[in-house]
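To keep things clear, I will list the structure first and then write my remarks on it.
Values reported hereafter were calculated over all heavy atoms of this structure, with side chains retained and with hydrogens, waters and symmetry mates removed.
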Amino acid sequence: MRLTRYFLPILKETPAEASIASHRLMLRAGMIHQSSAGIYSWLPMGFKVLQRLEQIVHEEQQRAGHIPMLMPTLQSADLWRESGRYDDYGKEMLRITDRHGRDMLYGPTNEELITDIVRNSINSYKDLPKTLYHIQWKFRDEVRPRFGVMRGREFYMKDGYSFDVDEAGALHSYNRHLVSYLRTYERMGLKAIPMKADTGPIGGDHSHEFLVLAETGESEVFYDSRVLDMSLGDCVIDFDDVAQCQDIFDEFTTPYARTDETHDDAIFSDVPENRRMSARGIEVGQIFYFGTKYSESMGADVVMPDGSRKPIEMGSHGIGVSRLIGALIEANHDDKGIIWPESVAPFRVGLVNLRQGDEAADAACDSLYSGLVKAGLDPLYDDRDERAGAKFASMDLIGCPWRITVGPRGLKNGVVELTSRRTGETVELSPEDALARCVEIYADV
RNA sequence: CGGGGCGUGGCGCAGCCUGGUAGCGCGACGGUUUUGGGUACCGUAGGUCGGAGGUUCGAAUCCUCUCGCCCCGACCA
């Protein structure tokens, strides 16, 4: 993309309403525009990042064997009356009446809808297990939306629902989700720690929240510093392998890691003192096995081999996709701007022409630009007639992980510069080598 | 839902207390200049001062109501 043809409304000054880094930087980098409290338009740059995250989530979900679909945002109140949640949910649920006076609502989540679909089409134990998911906009009418997309009223979320015959199957689904989430966050360059979560009125042991450590996080967390060293890395995972998923689950959930909701000082004190940490965290996902709460109240059951009927064992599992962008920026920025991890960068390489209009510089940039495009590196070419300082500042703000700088001075010696946004390190290379180096960097991203 | 704050050109703000018909910086536009980390200068355009009502000869400014937004807390993912 050539910057002169793009829509990137960069702000030089910080808008007054933004108090935390991610919100400030998203506004300044022209990623979002507030439409009303907790509701945002996603401008082209922000939308691009959102799509990158969405793509990773889709790939990892499908890798784990989960099936994509799409449910509507508007739902009928009748289904929610069946489950009993229409009255329980309170004012957070946005209620709407259509022209015929029917009660509708903007979905804050989709258990009822998916249970309705499944009960209509799944009748036998032979049809299970299944995990269906979608990525769709949700609305929760928060009392106090804040921090930009971190706590919006409208937000984009992947929510998946697992359906199993029995508890053992449901627990495998649960473990499988935990493993797939670990992979998902790792791919995004994020350290998200699974922490034992409160299961609320339904009870049970089986809920974990995934927390990204950040000073601006809304939850207080306590953990054994050992969790920070754990990663899946290149581990090959067979998501149908019950034992392997269980092992990974055990490995990652054994060290102490809890939010203030489930924190227990007595257990925490068993952690060696030098590893006992407390911090703040942003919740970017949650998995939950809740058994038959909805299948019983809504009559979703299957016929078993012996001819009896059994309510389906269910779980629901969510990743806050729009919130993740906030979390990513909180975890990856400096005073100049955003520092995108390679895997989620809206543009993978920034190309800066220091002397627009200079014949040699323009030609070198054009050639590099088409090379980068051909290599699938999705470059952003700053071809504005601006001074070097302004171009550098813009690139630093929007956070392209790599920047190729082209100017007459370097070209005289046959070189351009390749700079890492994260380290600031610069190397001089021939244009061909700079391109090759970028291809190499992104080879396995 | 309790507490606090703010609405004035696209953005950041001053003016309000002590009423006299709106100003600064950034940005935009036109020019000159400059050219490897947000260049300097000259000029131009752009505002029913969130809205409604009231007081007054006169309201951005005072009073009442209202809408919107932000922050702290409680709540929630």
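Mapping Met150(A) and Lys391(A) onto RNA chain B by nearest heavy atom places Lys391(A) at the nucleotide closer to the 5' end. Nearest-nucleotide assignment on RNA chain B puts the 5′-proximal partner with Asp396(A), out of Asp396(A) and Glu218(A).
Outside the 6.0 Å centre-distance limit, the rings of Tyr161(A) and Tyr294(A) are not counted as a close aromatic pair. For an aromatic pair to be called close, the ring centres must be under 6.0 Å apart, and His208(A) with Phe249(A) satisfies this. Between Tyr381(A) and Tyr369(A), the distance separating the two ring centers is shorter than 6.0 angstrom. Under the 6.0 Å cut-off for aromatic ring centres, His66(A) and Tyr133(A) do not qualify, their centroids lying 6.0 Å or more apart.
Atom pair Leu397(A):CG and G37(B):C1' shows a separation of 14 Å (rounding to whole Å applied). Between the CE atom of Met395(A) and the C1' atom of G38(B) there is a distance of 15 Å, rounded to whole Å. Distance CZ (Arg140(A)) to P (C75(B)): 17 Å, rounded to an integer number of Å. What separates CD of Glu92(A) from P of A77(B) is a distance of 7 Å, to the nearest Å. Rounded to whole angstrom, the span from the CD atom of Glu142(A) across to the C1' atom of A77(B) amounts to 8 Å. Nucleotide G37(B) holds its P atom 15 Å from the CG atom of Asn353(A), rounded to whole Å. Rounded to whole Å, the distance from CZ on Arg146(A) to P on C76(B) is 12 Å. Between the C1' atom of U35(B) and the CZ atom of Phe392(A) lies a distance of 12 Å, rounded to the nearest Å.
A gap of 45 Å separates the C1' atoms of G68(B) and U35(B), to the nearest Å. Rounded to the nearest Å, the gap between the P atom of G50(B) and that of G12(B) is 14 Å. Comparing the same atom, P, in G3(B) and in A45(B) gives a spacing of 48 Å after rounding to whole Å. Between C26(B) and C17(B), the two P atoms lie 29 Å apart (nearest whole Å). Using atom P as the reference point in both C49(B) and G7(B), the two lie 14 Å apart (nearest Å). Taking the C1' atoms as reference points, G37(B) lies 41 Å from A77(B), given to the whole Å. Taking the C1' atoms as reference points, G31(B) lies 41 Å from C70(B), given to the whole Å. Here the separation of U8(B) from G25(B), taken at their C1' atoms, is 15 Å to the nearest Å.
In this structure, A74(B) forms no base pair with any nucleotide, since neither Watson-Crick nor G-U wobble geometry is met with both distances under 3.5 Å. Across all strands shown, C13(B) is found opposite G23(B) as a Watson-Crick or G-U wobble partner, with both distances under 3.5 Å. Remark: C62(B) base-pairs with G54(B). Criterion, Watson-Crick or G-U wobble with two distances under 3.5 Å. The partner of A28(B) is U44(B), judged by Watson-Crick or G-U wobble contacts that both fall below 3.5 Å. Across all strands shown, nothing is found opposite U33(B) as a Watson-Crick or G-U wobble partner with both distances under 3.5 Å. Using Watson-Crick or G-U wobble geometry with both donor-acceptor distances under 3.5 Å, C6(B) finds its partner in G68(B).
When heavy atoms are screened at a 4.0 angstrom cut-off, Gly410(A) is found touching base atoms of the nucleic acid. When heavy atoms are screened at a 4.0 angstrom cut-off, Ala388(A) is found touching the sugar-phosphate backbone but no base atom. Heavy atoms of Arg28(A) sit under 4.0 angstrom from at least one base atom. Across all strands shown, Gly357(A) has no heavy atoms under 4.0 Å from either base or sugar-phosphate atoms. Residue Ala393(A) is classed as a base contact, given a heavy-atom separation below 4.0 Å to a base. Among the protein residues, Ser36(A) comes within range of the sugar-phosphate backbone only, with heavy atoms under 4.0 Å from sugar or phosphate atoms but none that close to a base. In this structure, Gly407(A) reaches the bases: a heavy-atom distance under 4.0 Å links it to at least one base atom across the strands shown.
Contact check, Gln34(A) against G68(B): no side-chain N or O comes under 4.0 Å of OP1 or OP2. Arg387(A) has a side-chain polar atom (N or O) that falls below the 4.0 Å cut-off from OP1 or OP2 of U39(B). Residue Lys12(A) places no side-chain N or O under 4.0 Å from the OP1 or OP2 atom of G38(B). Within the structure, a side-chain polar atom (N or O) of Lys91(A) is placed less than 4.0 Å from OP1 or OP2 of C1(B). Arg409(A) has no side-chain polar atom (N or O) that falls below the 4.0 Å cut-off from OP1 or OP2 of U35(B).
Comparing atom distances between the Phe147(A) side chain and each of C72(B), U35(B), C26(B) picks out C72(B) as nearest. The side chain of Thr405(A) lies closest to G36(B), out of A77(B), G36(B), C72(B). For Val143(A), the side-chain atoms get nearest to C1(B) when compared with the rest of C1(B), U35(B), G37(B). Distance from the side chain of Arg151(A) is smallest for C76(B) among the nucleotides C71(B), G37(B), C76(B).
Of the candidates Asp358(A), Asp383(A), Asp362(A), Asp366(A), Asn353(A) forms a side-chain hydrogen bond (donor to acceptor under 3.5 Å, both in side chains) with just one, namely Asp362(A).
At a cut-off of 3.5 angstrom, counting only N and O atoms as typed in the model, there is no donor on one side facing an acceptor on the other between the side-chain of Glu386(A) and the base of G38(B). For A77(B), its base sits under 3.5 Å from the side chain of Arg323(A) at one donor and acceptor pair at least. Below the 3.5 angstrom threshold, one finds a donor paired with an acceptor across the side chain of Arg403(A) and the base of G37(B).
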Step by step, would you call Ser76(A) with Arg102(A) a side chain to side chain contact (heavy atoms under 4.5 Å, CB included)?
CA-CA 8 Å; Ser76(A) 158; Arg102(A) 297 186 201 106; over 6 Å; no
Do Lys158(A) and Glu60(A) pass the side chain to side chain contact (heavy atoms under 4.5 Å, CB included) test, and can you show the C-alpha distance, the side-chain angles, and the key distance before you say yes or no?
CA-CA 12 Å; Lys158(A) 170 260 158 184; Glu60(A) 293 305 322; over 6 Å; no
Might you work through the side chain to side chain contact (heavy atoms under 4.5 Å, CB included) test for Arg323(A) and Ile282(A), ending with a clear yes or no?
CA-CA 9 Å; Arg323(A) 175 182 285 184; Ile282(A) 302 164; 4.0 Å; yes
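Residues passing the ring-ring contact (aromatic ring centres under 6.0 Å, His included) test with His172(A), sequence neighbours excluded: none.
Between the side chains of Ser420(A) and Glu425(A), not a single donor N or O lies within less than 3.5 Å of an accepting N or O.
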Can you tabulate the close N/O pairs, meaning under 3.5 Å, that link protein atoms to atoms of nucleotides 10-14 of chain B?
from, atom 1, to, atom 2, distance (Å)
C11(B), O2, Glu13(A), OE1, 3.2
G12(B), OP1, Ala16(A), N, 2.9

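Identified under the side-chain hydrogen bond (donor to acceptor under 3.5 Å, both in side chains) test for residues 335-346 of chain A, with sequence neighbours left out: Glu342(A)-Trp402(A).
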